[in-house]
Peer 1: 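Structure incoming, see below.
Here is the naming used below: chain letters follow the sequence lines, and residue numbers restart at 1 for every chain. The structure displayed is predicted, hence computed values, not measured ones.
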Amino acid sequence: MATAQSFRTHTCGELRPEHVGQRVTLAGWVHRRRDHGHLSFFDLRDRYGITQVVTSADEAPAAHQAAAESRNEWVIQVSGAVRHRPEGTTNVELPTGEVEVAVDELTVLNESKVPPFYVNEEQPGLEEALRLQYRYLDLRRPPMRERMLLRARLASAVRRELERDDFVEIETPLLIRSTPEGARDFVVPARLQPGNFYALPQSPQQLKQLLMVAGYDRYYQMAHCMRDEDSRKDRGPEFTQVDIEMSFVREEDVIATVEAMVIAVSREVVPDRPIQEAPFPRLTYEEALVRYGSDKPDLRFGMPLCDLREAVTNVEFRVFADALSGGGAVYAIRAPGCASYSRRQLDELTDLARRHGAGGLVHLSVEADGSLRGPAAKFLGGAEASVQAATGAEAGDLLLVVADSDRVAAATALGQLRLEMGDRLGLRDPSVLAYVWVHRFPMFKWDRDLGRWDATHNPFSAPVWEEAEQMEADPGSIHAQQYDLALNGWELGGGSIRIHRRDLLERAFALMGHTIAGMRDQFGALLDALEYGAPPHGGIAIGLERWCALLANQDNIREVTAFPKTQSGSDLMLSAPSPIDDQQLADLHLRVNLED
RNA sequence: GGACCCGUGGUGUAGCGGCCCAACAUGCCAGCCUGUCACGCUGGAGAUCGCCGGUUCGAAUCCGGUCGGGUCCGCCA
């Protein structure tokens, strides 16, 4: 309950029958007015709710006159007695719906222009650009307000859980050093050091590891991070991560600690959303890839990928044979009851598969007599039965098959089709929270463009200790102590046990083509620190906006961000970015070159 | 860097070569209305169809470009 103030005695979400008879003062926005001439009703709104206030020409002529002149979104202050609404006129939709305020005094605190969109109604088709331009009005709208309050409760619950568990919040700087690893940096010119630049953090990765060396063995922070990369609905140029790091822990310990926090927070913040499975299931990266075609699988539904290698091994169909002989794979999913899909629907699915890297899509309908129908059916030779056995297909089902000489490409393309079919068949229950850990990622992947091995995740991640010796001998075979947390098909966060010994970190970096001098230059502080008693440590970072969006059942992080950027990085309200004037440029020793 | 979709009174939509100096709903303004809660009734104002150029006798409608927004690939953890 908010502290009492002189402007108001109560909020607009507060009054109940127990207040009847009291004289109260409320202040808020005119949400909607219903003017009956001699009697008028106002819904008065603030962030706590809506209360109906009434003016009457007979009882309070001056207030009634002021009410008649008031308009939506004006800010007014009203005083009067709380009374029961007459029999049969209560509003069960409103928590305050049993009472109303009989206004005897109305003060207009500020007028409002007619807003560019409805503040008092949901408007599904409303142009997002307009909402962003007038974000302060958009944020007034109850659904947006609920999401902002949910986000606040989420962050608050996270803090409470972590602090209860002895974590300390430590802020790290926003002006740090640029490193070429990872995403492109946002950069800030250093006025006092002409020609030099700070970078804004992509994450406080090195700093939190240094805090471990410093002995703050349980650190967390609501860390603002910036990455100068193209936006998506689940990522923007700036975001907040729940950044966590712990010392004297193994992978088990971090997972257990974070999982307990996530469960407690979820139950507190969205008590009506069931957690599908707790303890959270754990999949290795390999299992996730092979069963769901994703390293962030949506476990709310089944429809697993089926490996058709055995089933089609003797089939002469070129698409399959080439994929298999090329070291690839043939995977299928079974879409129950979709055998009657139209040409158009199948084309859409084929297009989706292609967009996600598949060469094409083979579709087979299971006929009533058990035979398979489809353009590729005639090439299957005698393999129909084995394909059906491998997929469990029954009459009326649709089989979607992707073959590729790159097994990861085949699986991920089909993984996208799985999600699409999950949507089309309504299998992705919007109420359920299906958290899942994915771990044991390959430590390195071969980067064809760079011609060298590169870290699959964060370059500071430790290898599985028992595998570390083979690092140089067979980089592709070893795994990182890396774990991602996924929720309903989104990557919520990721972390790892870090390398805490300098020699091992140098070996890992060397493998990725770094020279000793280059390492010293970019990561000197961390390398040095590892020589001063760095404890074994590891952590995780959870994307707050993604988590919040999922808890709010939104599929876009802008819906849980107060002032988001557009896809092209603009702030439509502030008109940022913008040019700066010549004097500012001169102070920063910068010259703008807009050629090419 | 690329692909696709969207852009018509304040807002959301319809119109997709002449019947459109543009229709509907809502909002807005005015009048009436003493129990409404998307109050109701009556009347009124309001857009040259994102912008530029082209095709055509004729363009909101077709074509090209451009700007803004979105989704996706690349990128990004």
Side-chain angles (χ1 to χ4, degrees), chain A residues 31-44 50-59 64 68 71-73 83-94 96-97 100 102 113-134 137 181-185 202-203 205 225-237 239 241 295-296 351-352 354-357 412-413 416 438 441 449 455-459 461 482-486 490-496 540-543 546 555-556 558 564-570 572 575:
Chain A
H31 187 67
R32 202 186 291 282
R33 42 195 297 279
R34 294 175 291 279
D35 186 346
H36 290 230
H38 286 274
L39 188 71
S40 76
F41 301 92
F42 277 41
D43 290 336
L44 194 63
I50 285 175
T51 298
Q52 175 167 286
V53 304
V54 192
T55 67
S56 156
D58 301 339
E59 293 169 29
H64 186 70
R71 292 292 179 268
N72 284 350
E73 299 310 313
R83 68 187 182 200
H84 273 290
R85 296 196 190 184
E87 193 73 32
T89 63
T90 60
N91 185 343
V92 294
E93 304 289 312
L94 290 179
T96 60
E100 63 190 10
K113 290 170 55 169
V114 175
F117 49 78
Y118 305 118
V119 174
N120 56 12
E121 274 179 39
E122 300 214 33
Q123 230 188 315
L126 177 56
E127 197 72 50
E128 193 179 355
L130 198 66
R131 296 172 56 199
L132 293 177
Q133 186 185 345
Y134 294 95
L137 297 180
E181 281 297 328
R184 188 179 295 112
D185 282 321
Q202 300 175 24
S203 83
Q205 181 63 33
C225 306
M226 299 80 176
R227 294 178 183 158
D228 188 5
E229 299 289 352
D230 290 3
S231 295
R232 290 286 187 280
K233 65 182 178 187
D234 65 348
R235 64 176 213 243
F239 56 99
Q241 59 186 37
D295 59 2
K296 44 179 190 285
D351 185 54
L352 181 73
R354 288 220 171 91
R355 273 209 317 277
H356 288 278
T412 49
Q416 291 295 329
V438 179
F441 285 81
D449 297 333
T456 306
H457 281 73
N458 171 328
S461 296
Q482 163 80 35
Y483 33 86
D484 281 2
L485 180 61
W490 282 30
E491 182 188 326
L492 258 203
S496 63
I540 194 169
I542 296 173
R546 286 184 185 177
D555 87 324
N556 192 317
R558 294 187 301 275
K565 303 276 186 285
T566 67
Q567 192 161 47
S568 59
S570 292
L572 297 178
S575 298

Peer 1: C1' atom, B:rA47 versus B:rC57: distance in rounded Å?
Peer 2: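 That atom pair is separated by 27 Å.
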Peer 1: Base, sugar-phosphate, or nothing for A:Gly97, non-hydrogen atoms under 4.0 angstrom?
Peer 2: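 Nothing: the residue A:Gly97, judged by heavy atoms under 4.0 Å, touches no strand.
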Peer 1: With rounding to whole Å, what would you report as the distance between B:rC16 and B:rA59 at their C1' atoms?
Peer 2: 10 Å
Peer 1: For the atom pair CZ (A:Arg34) and CG (A:Asp43), what is the distance rounded to the nearest 0.5 Å?
Peer 2: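 Between atom CZ of A:Arg34 and atom CG of A:Asp43 there are 4.0 Å.
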Peer 1: Quiz question: by atom type and distance under 3.5 Å, do the side chains of A:Gln52 and A:Asn91 form a donor-acceptor pair?
Peer 2: no
Peer 1: Could you give the distance separating B:rC21 and B:rG9 at their C1' atoms, to the nearest angstrom?
Peer 2: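 About 13 Å, rounded to a whole number of Å.
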Peer 1: I'd like to know if A:Arg83 reaches the base of B:rG35 with its side chain, counting only an N/O donor and acceptor under 3.5 Å.
Peer 2: yes
Peer 1: Heavy-atom nearest nucleotide on RNA chain B for A:Leu94 versus A:Gln202: which residue maps closer to 5'?
Peer 2: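 Result: A:Leu94.
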Peer 1: Please report, rounded to the nearest Å, how far the C1' atom of B:rC75 is from the CD atom of A:Glu229.
Peer 2: 5 Å
Peer 1: Would you please determine if the base of B:rC33 is stacked by A:His38, with stacking meaning a centroid separation under 5.5 angstrom and planes under 30 degrees?
Peer 2: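 The base of B:rC33 is not stacked with A:His38 (the test needs centres under 5.5 Å and planes under 30°).
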Peer 1: Counting any heavy atom closer than 4.0 Å, what does A:Pro116 reach on the DNA or RNA strands: base, sugar-phosphate only, or nothing?
Peer 2: sugar-phosphate
Peer 1: What distance, rounded to whole Å, do you find between the two P atoms, one in B:rC39 and one in B:rG27?
Peer 2: 8 Å
Peer 1: Atom CD of A:Glu100 to atom C1' of B:rC37: distance rounded to whole Å?
Peer 2: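 The answer, rounded to whole Å, is 11 Å.
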Peer 1: Look at the side chain of A:Arg354 and the base of B:rC73, then say whether one donor and one acceptor between them are separated by less than 3.5 Å.
Peer 2: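 In this structure, the two groups form no donor-acceptor pair.
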Peer 1: Answer whether the closest heavy-atom distance between the side chains of A:Thr412 and A:Gln416 falls below 4.5 Å.
Peer 2: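 A side-chain contact under 4.5 Å is absent here.
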Peer 1: Watson-Crick or G-U wobble partner for B:rC4, using a 3.5 Å limit on both distances?
Peer 2: B:rG70
Peer 1: What integer distance in Å separates A:Asp228:CG from B:rG1:P?
Peer 2: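 From A:Asp228 CG to B:rG1 P: 12 Å.
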Peer 1: Can you tell me, in whole Å, how much space there is between the C1' of B:rG53 and that of B:rC67?
Peer 2: 14 Å
Peer 1: Are the side chain of A:Ser231 and the backbone N or O of A:Gly569 linked by a donor-acceptor pair below 3.5 Å?
Peer 2: no
Peer 1: Is there a side-chain contact between A:Arg83 and A:Val54 (heavy atoms, below 4.5 Å)?
Peer 2: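 They are in side-chain contact.
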Peer 1: Expressed in whole Å, how much space separates the C1' atoms belonging to B:rU61 and B:rC19?
Peer 2: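 Rounded to whole Å, the distance is 14 Å.
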Peer 1: Are OP1 or OP2 of B:rC39 and a side-chain N or O of A:Arg34 less than 4.0 angstrom apart?
Peer 2: yes
Peer 1: Check the distance between B:rC4's P and A:Asp351's CG and give it to me in whole angstrom.
Peer 2: 11 Å
Peer 1: Between A:His64 and A:Gly37, is there a donor-acceptor pair closer than 3.5 Å when you use the side chain of the first and the backbone of the second?
Peer 2: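 Confirmed, A:His64 side chain pairs with A:Gly37 backbone.
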Peer 1: How would you summarise protein contacts on nucleotides 67-72 of chain B per nucleotide, using B for base, S for sugar-phosphate only and - for none, with heavy-atom distances below 4.0 Å?
Peer 2: --SBBS
Peer 1: Quick one, give me the B/S/- string for nucleotides 23-30 of chain B, reading 5' to 3', where B means a protein heavy atom under 4.0 Å from the base and S means that only happens at the primed atoms, P, OP1 or OP2.
Peer 2: ---BSSSS
Peer 1: Can you tell me the base-pairing partner of B:rA25? Count Watson-Crick or G-U wobble geometry only, both distances below 3.5 Å, and say none if there is no partner.
Peer 2: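 Here B:rA25 is engaged in a pair, and the nucleotide opposite it is B:rU11.
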Peer 1: So that I can tick it off, tell me whether A:Lys296 and A:Asp484 are bridged by a salt bridge, with the cut-off set at under 4.0 angstrom between side-chain N and carboxylate O.
Peer 2: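 So A:Asp484 does not pair with A:Lys296 through a salt bridge.
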Peer 1: Grab the CG-C1' distance between A:Asp35 and B:rU36 for me, whole Å please.
Peer 2: 11 Å
Peer 1: Does A:Gln482 reach a base, just sugar-phosphate, or nothing at all? Heavy atoms under 4.0 Å.
Peer 2: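 The answer is nothing, as A:Gln482 stays clear of every strand by at least 4.0 Å.
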Peer 1: Between the base of B:rC37 and the side chain of A:Asn91, is one N or O donor paired with an acceptor at under 3.5 angstrom?
Peer 2: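 Looking at the base of B:rC37, it does pair with a donor or acceptor on the side chain of A:Asn91 (distance under 3.5 Å).
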Peer 1: Applying a 4.0 Å non-hydrogen cut-off, can you work out what A:Thr55 is touching in the nucleic acid: base, sugar-phosphate, or nothing?
Peer 2: nothing
Peer 1: Under a 4.0 Å N-O cut-off, is there an ion pair linking A:Arg33 with A:Asp35?
Peer 2: yes
Peer 1: Donor-acceptor check, side chain of A:Arg546 to backbone of A:Glu491, threshold 3.5 angstrom: yes or no?
Peer 2: yes
Peer 1: Looking only at atom C1', what distance separates B:rC41 and B:rC33, rounded to whole Å?
Peer 2: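 Pairwise C1' distance, B:rC41 against B:rC33, rounds to 8 Å.
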Peer 1: Within the 4.0 Å heavy-atom criterion, would you say A:Gly125 contacts the bases, only the backbone, or no part of the nucleic acid?
Peer 2: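 Contact class for A:Gly125: sugar-phosphate only.
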Peer 1: Rounded to the nearest angstrom, tell me the gap between atom CG in A:Asn120 and atom C1' in B:rG10.
Peer 2: 14 Å
Peer 1: How far does the C1' atom of B:rG65 sit from the matching atom of B:rU55, given to the nearest Å?
Peer 2: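 About 15 Å, rounded to a whole number of Å.
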